[in-house]
Amino acid sequence: MLKHHMIAGLDLLSDPATSPSGHSQIIQKSAACPWDILRSAYPISLDSGSLEAVSRVSLWVKDCVREHSVCGNQTGARLPTRILEIRTNREVRLHITKNETAPYACLSHCWGKDQSRMIKTTSSSLENHKQNIPWSSLPTTFRDAIHFTHALGIRYLWIDSLCILQGCANDWRREGGRMAEIYANAFITLAATKSSNCDEGMFSQPSNSCPPRSGTFFNGVGQPYKLHCRKAMKVPDKYPLLDRGWAFQERLLSKRIVHFAENELIWECLEASCCECSGPHELSFLHIFPIDKKPSFIMQDSRSTIELQDAWLQLIESYSVKGGPRALTFPIRDVFPAIQGVVKLAPPRLGKYLAGHWSSDFPRSLCWSLRLVPGPKPPDWRAPSWSWACGVPRASYWDVTDETFACARKIKPSCVVVSATTNPVLGGDDPTGQLSSGEIVLRGKCLTGWTQKNTWESTEPPALYLNGDLTRPGNQGMGSESWRQQPRWDYTFQGDQEIKVLVIQMMAGFVLQKHLDMPCQYQVWLILKPVSDSEGAKFERMGLFTSDSFLCPSSLSIRDATEEEWKTVDAVAAKLDATAEEREVTIV
């Protein structure tokens with residue numbers, strides 16, 4: 001039996017028959033209106049802190065609880081370790097829980113660059129906050145969140161800076177490791193999406209940019225009807241909160257989330273999305289979100305293992321664009337904890353979690369590259385060099401997932417993972433959190449080579465030359481004893497600095513490039529350099545390259561390829577196999 005809760009004065013467990021199909025009807029078009037092409041639309045609350053805004057969110061909540069089986073209709077959950085208890089709309093204190101169960105809200109927000117002004121709970125302020133948190137000490141965003149939570153009829157609100165002991169590493173690791181359950185169990189999450197810091201507040205104020213207009217008209221038989229209209233709202237291309245690393249997982253973990261945007265409210269849950277400006281069938285705002293959170297939502301156990309693996313790579317690409325190292329105030333500490341909650345939802349069949357990768361898809365997952373021009377190598381260690389989290393500006397898995405290849409899944413691992421380990425930081429015991437080191441041992445086909453200044457184009461990054469006669473007969477300007485490649489480097493370095501490298505083949509297969517109707521032997525290689533103090537026993541990653549171009553027939557179409565051209569492709573592939581040396585490589 002579900003508990004009975006009243007939120008914003010609405011009975012969330014009332015009879016669905018009170019509205020057609022169990023949905024709340026916002027506006028009904030008059031039957032006298034002769035224009036079938038005109039659809040019903042929502043009025044915009046304009047002031048997102050108003051009672052109209054609270055009513056709108058309450059209606060969205062009501063529909064979600066009644067209709068969405070994935071979101072669930074339970075209105076209470078076990079409270080986090082510490083949570084704000086809202087006594088009145090201006091009186092709040094920090095409550096230490098004792099296994100209580102109740103509905104609660106979470107706040108997702110940007111701390112801002114000047115964090116000295118952020119109110120925090122520390123070991124020294126804990127006892128005072130348990131008694132009362134002065135209203136005057138709270139920033140505008142926190143006050144707005146408390147007002148809105150209270151107006152919804154919810155008694156408890158979780159805010160990170162007040163509910164986790166700041167400055168206490170052990171408490172941060174323990175409570176940070178519970179992010180999955182904190183946000184997933186929240187009845188609703190309020191997101192200060194438009195605000196770049198805690199002083200800007202959540203609420204938008206009435207604007208003259210899209211004023212509503214109304215008029216009375218008459219149809220062909222003299223019956224009156226009314227039309228209401230407004231200008232189409234301009235949706236911003238980006239919002240500050242969506243570029244914050246921690247907000248990436250907060251959004252994905254929340255079963256229901258309300259975004260307080262520039263001019264309107266936006267609703268997301270695990271089954272539906274809508275905004276005030278366009279209703280549920282015209283989601284013009286969705287382009288601002290880095291990834292869809294509906295239950296295609298990343299870690300659903302009902303999906304096949306292959307689907308889960310592909311979904312994880314998609315998540316990592318999105319995280320490195322909208323979140324990840326670029327969008328974290330403390331990337332060294334937070335790059336893994338900021339997605340720790342999503343990791344903990346993953347089904348066991350994905351295997352062991354290793355610095356942002358899963359063992360069930362390890363060789364392919366290691367084949368990330370950059371879509372943006374890389375910067376200098378970060379001076380401080382944050383992740384193993386084989387992890388996409390080591391400091392890259394934007395990780396991509398185009399080489400092993402892109403639809404350019406009709407049979408991308410026929411590109412199979414060509415190396416063996418002998419061992420893989422990661423170590424949490426001192427005092428930590430969670431492999432999904434902050435790490436101190438990581439090491440993998442791979443066995444596969446290897447070639448030696450060196451980097452060299454690009455002589456073809458001086459502004460281009462350094463080129464890579466590999467030892468061995470791997471050229472196609474008739475190729476000019478490459479020499480017979482070396483093979484030139486232009487890799488995608490992980491970071492910039494001096495081109496006139498010659499570096500001896502080792503490359504290891506990670507993936508290989510025969511694929512058809514759809515856009516050229518061209519078959520090719522496709523291979524993916526990692527570029528490694530010796531670690532300076534390991535005497536050649538260990539390597540670190542420098543970049544990646546693919547070898548599809550030199551293993552294709554010269555003709556542009558499979559229909560035009562001659563038997564001799566196919567013999568050339570086979571010969572070059574055979575040369576590669578004969579030249580490469582099978583060996584074990586340790587990468588850190």
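The basis for the numbers below is simple: all heavy atoms, side chains too, and nothing from hydrogens, waters or symmetry mates.
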Exercise. Kindly say whether S365 contributes a backbone atom to a donor-acceptor pair with the side chain of Y397 at under 3.5 angstrom?
Key: yes

Quiz item: At their closest point, which heavy atom of V585 faces which heavy atom of F539, and how far apart are they?
Solution: CG1-CD1, 3.6 Å

Quiz item: Counting only N and O atoms by type, is there a donor-acceptor contact under 3.5 Å from the side chain of T97 to the main-chain atoms of P80?
Solution: yes

Quiz prompt | Side chains of L84 and F142 in contact at under 4.5 Å (non-hydrogen atoms) | solution = no

Exercise. Among V524, D490, L544, find the one that has a side-chain contact (heavy atoms from CB on, under 4.5 Å) with S369.
Key: L544

Quiz prompt | Exercise: identify the closest heavy-atom pair between P462 and F493 | solution = CG-CE1, 3.6 Å

Self-check item: Derivation and outcome, side-chain contact (heavy atoms from CB on, under 4.5 Å), residues Q523 and S414
Solution: CA-CA 9 Å; Q523 301 177 0; S414 53; over 6 Å; no

Quiz prompt | Side-chain donor/acceptor of S161 to backbone N/O of I119, under 3.5 Å | solution = yes

Practice problem: Assess the side chains of T432 and Q340: does a donor N or O sit below 3.5 Å from an acceptor N or O? | Solution: yes

Practice problem: Kindly give the heavy-atom pair with the smallest separation between P240 and S196, and that separation in Å. | Solution: CB-CA, 3.7 Å

Exercise. Mark yes or no for whether W368, through its side chain, and W386, through its backbone, hold a donor-acceptor pair below 3.5 Å.
Key: yes

Quiz item: When rounded to the nearest 0.5 angstrom, what distance separates SG in C110 from CE in M118?
Solution: 9.5 Å

Quiz item: Is a donor on one side and an acceptor on the other found under 3.5 Å between the side chain of R256 and the backbone of F187?
Solution: yes

Quiz item: Would you say the side chain of I133 lies within less than 4.5 Å of the side chain of L138, judging by non-hydrogen atoms?
Solution: yes

Self-check item: Euclidean distance, M506 CE relative to T546 OG1, rounded to 0.5 Å
Solution: 14.0 Å

Quiz item: So, Q309 side chain and S360 main chain: donor-acceptor pair closer than 3.5 Å or not?
Solution: yes

Quiz item: With sequence neighbours left out, which residue pairs that include part of residues 418-449 fulfil the ring-ring contact (aromatic ring centres under 6.0 Å, His included) condition?
Solution: none

Quiz item: For atom CZ of R583, is the number of surrounding heavy atoms from other residues, nucleotides or ligands below 6.0 Å larger than 12?
Solution: yes

Exercise. For A186 and Y104, work out which heavy atoms get closest and say how close.
Key: N-OH, 3.5 Å

Exercise. State the CG-OG1 distance between N128 and T121, to the nearest 0.5 angstrom.
Key: 10.0 Å

Quiz item: In this structure, which one of L526, I587, V588 forms a side-chain contact (heavy atoms from CB on, under 4.5 Å) with S385?
Solution: I587

Quiz item: Does P424 reach the side chain of D430, with side-chain heavy atoms less than 4.5 Å apart?
Solution: no

Quiz item: Got a second to check how far L162's CG is from T122's OG1, nearest 0.5 Å?
Solution: 10.5 Å

Practice problem: Ignoring hydrogens and angles, tell me if any N or O in the side chain of E181 forms a donor-acceptor pair with the backbone of R178 under 3.5 Å. | Solution: no

Exercise. Please tell me if the side chains of E175 and L165 come closer than 4.5 Å, counting only heavy atoms from C-beta onward.
Key: no

Quiz item: Quick one: CD on E439 to OG1 on T422, what's the gap to the nearest 0.5 Å?
Solution: 11.0 Å

Quiz item: Is a side-chain donor or acceptor of S387 paired with a backbone partner of P384 at a separation under 3.5 angstrom?
Solution: no

Quiz item: So, E250 and S108: side-chain donor and acceptor under 3.5 Å apart, yes or no?
Solution: yes

Quiz item: Is the Y319 ring parallel, tilted or perpendicular to the W388 ring (thresholds 30°, 60°)?
Solution: perpendicular

Practice problem: Quick one: pull up CD in E540 and NZ in K529 and give me the separation to the nearest 0.5 Å. | Solution: 5.0 Å

Quiz item: Relative to the ring of Y465, is the ring of W450 parallel (under 30°), tilted (30 to 60°) or perpendicular (over 60°)?
Solution: parallel

Quiz item: Counting N and O atoms only, with roles assigned by atom type, does the side chain of Q166 sit under 3.5 Å from a partner on the main chain of I164, one being a donor and the other an acceptor?
Solution: yes

Self-check item: Neighbour count >12 (heavy atoms, 6.0 Å) for atom CG, D114
Solution: yes

Practice problem: Determine whether more than 12 heavy atoms belonging to other residues, nucleotides or ligands lie under 6.0 Å from atom NZ of K344. | Solution: yes

Quiz item: What pair of heavy atoms forms the shortest contact from L354 to S359, and how long is it?
Solution: CD1-CB, 4.4 Å

Quiz item: With a 4.5 Å heavy-atom cut-off, do F545 and Q486 have their side chains touching?
Solution: no

Practice problem: State whether a side-chain donor-acceptor pair under 3.5 Å links H109 with T141. | Solution: no

Quiz item: In terms of side-chain heavy atoms, does S437 have a donor or acceptor partner in N423 at a distance below 3.5 Å?
Solution: yes

Quiz prompt | ring pair (Phe, Tyr, Trp, His ring centres under 6.0 Å) partners of W172, counting only residues at least two apart | solution = none

Exercise. Taking all heavy atoms of C163 and all of L157, pick out the closest pair and write down the distance.
Key: SG-O, 4.3 Å

Quiz item: Looking at T305, L308, V343, which one forms a side-chain contact (heavy atoms from CB on, under 4.5 Å) with W358?
Solution: V343

Quiz item: Is the closest basic N to carboxylate O distance between K120 and D171 below 4.0 Å?
Solution: no

Practice problem: Could you tell me whether the side chain of L253 reaches within less than 4.5 Å of the side chain of I182, counting heavy atoms only? | Solution: no

Quiz item: Within a strict 4.5 Å, meaning less than it, do heavy atoms of the E100 and I83 side chains meet?
Solution: no

Practice problem: For the pair L252 and L345, evaluate side-chain contact (heavy atoms from CB on, under 4.5 Å) and give the outcome as yes or no after the intermediate values. | Solution: CA-CA 11 Å; L252 289 181; L345 296 180; over 6 Å; no

Practice problem: Starting from the C-alpha separation in whole Å, work towards a yes-or-no answer on side-chain contact (heavy atoms from CB on, under 4.5 Å) for L79 and W158. | Solution: CA-CA 9 Å; L79 296 176; W158 191 89; over 6 Å; no

Self-check item: Check: G356 main-chain N/O paired with W312 side-chain donor or acceptor under 3.5 Å
Solution: yes

Practice problem: Could you walk me through whether D310 and R364 pass the salt bridge (Lys or Arg N to Asp or Glu O under 4.0 Å) test, one step at a time? | Solution: CA-CA 10 Å; D310 287 345; R364 186 173 72 126; 2.7 Å; yes

Quiz prompt | Student check: side-chain heavy atoms of V258 and I266 closer than 4.5 Å | solution = no

Exercise. Determine, step by step, whether V503 and L464 satisfy the side-chain contact (heavy atoms from CB on, under 4.5 Å) criterion, reporting the C-alpha distance in whole Å, the side-chain angles of both residues, the deciding distance to 0.1 Å, and the verdict.
Key: CA-CA 10 Å; V503 300; L464 171 70; 4.3 Å; yes

Exercise. For R174 and T81, test the side chains for any donor-to-acceptor distance below 3.5 angstrom and give the result as yes or no.
Key: no

